[in-house]
Amino acid sequence: MDIQFLIAQVNGRLPAGFVLPGPVPQPTGRCAQPRCKRTVAIKRDGTPARSCSRCLARRAASCRRRRAALTAEGGCRRCAYRKRAKGDFLCPRCRDDRDIERAQKRRDALDAAVIDEFAAQPDKVHHANNLDCGVSPWNAPRPTAEPSSGYWSPLPDPAPKESETWRWSPMNGRLHHRY
């Protein structure tokens, strides 16, 4: 790094002999419409459009005239292309879209009202309860199970396997074992 440039940065002044770069030229294209040689218009965000401002205005007016003519012939007032329903000024598709938008706005207004109502409530002191401590009727300590008399009584004597005739195999003359 140049020492003069570093000193200039510390002082807040440009070094001697420093030439500021000129403005960066914007690439100005030509209008995309046939037989038009003017430069393109600049959009609100600073990017160049495809057509000049006069061609854009002319095409917008043409679109407005076409939509007005289609609406006068019985087209929808919103989209202008589909036919209106009988006794209505919107086509069924635009009517459905409008109903969905209205329902969404109504839902948003209700949500905003609930939020505002909650925000308007005074702050309350929180009183701790058993649920905050993690105790509930479902996980509360249960009494320990006490064994019943059946637990302590001896099991009955098992029946001898020889008396169970279904266990005896006639094929090999032995008792049948599962395992």
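The figures here come from the full heavy-atom set of this structure, side chains too, leaving out hydrogens, waters and symmetry mates.
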Open item on the list: Is there a side chain to side chain contact (heavy atoms under 4.5 Å, CB included) between Leu90 and Arg98? Walk through the geometry before answering.
Closed with: CA-CA 9 Å; Leu90 292 177; Arg98 189 190 64 181; 3.4 Å; yes
Task: Full working for salt bridge (Lys or Arg N to Asp or Glu O under 4.0 Å) between Glu73 and Arg66 - done: CA-CA 11 Å; Glu73 292 174 3; Arg66 188 180 76 249; over 6 Å; no
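By the neighbour-count criterion of 12 heavy atoms within 6.0 Å, atom CG of Asp123 is sparsely surrounded, having that number or fewer from other residues, nucleotides or ligands. Within a 6.0 Å sphere centred on CD of Gln104, other residues, nucleotides and ligands contribute more than 12 heavy atoms.
One N or O on the side chain of Arg78 and one on the backbone of Cys94 form a donor-acceptor pair closer than 3.5 Å. Without hydrogens or angle criteria, Arg67 side chain to Ala80 main chain gives no donor-acceptor distance under 3.5 Å.
Distance check: Arg54 CZ to Cys36 SG gives 8.0 Å after rounding to the nearest 0.5 Å. Atom CG of Leu56 and atom SG of Cys31 lie 7.0 Å apart (nearest 0.5 Å). Expressed to the nearest 0.5 Å, how far CZ of Arg95 lies from CD1 of Ile100 amounts to 12.5 Å. If you take OG1 on Thr144 and CZ on Arg142, they are separated by 13.0 Å, rounding to the nearest 0.5 Å. Note: Cys52 SG to Arg58 CZ = 7.5 Å, rounded to the nearest 0.5 Å. Atom CZ in Arg84 sits 9.5 Å away from atom CZ in Phe89 (nearest 0.5 Å).
Minimum interatomic distance between Gln33 and Ser51 (heavy atoms only, all atoms of both residues): NE2-OG, 3.0 Å. Between Cys91 and Lys83 the shortest heavy-atom distance is CB-O, 3.4 Å. Arg93 and Arg82 get closest at one heavy-atom pair: NH1-NH1, 3.3 Å. Shortest non-hydrogen contact noted between Arg50 and Val40 is O-CG1, 3.8 Å.
Side-chain contact check for Trp152 versus Pro147: some heavy-atom pair is nearer than 4.5 Å.
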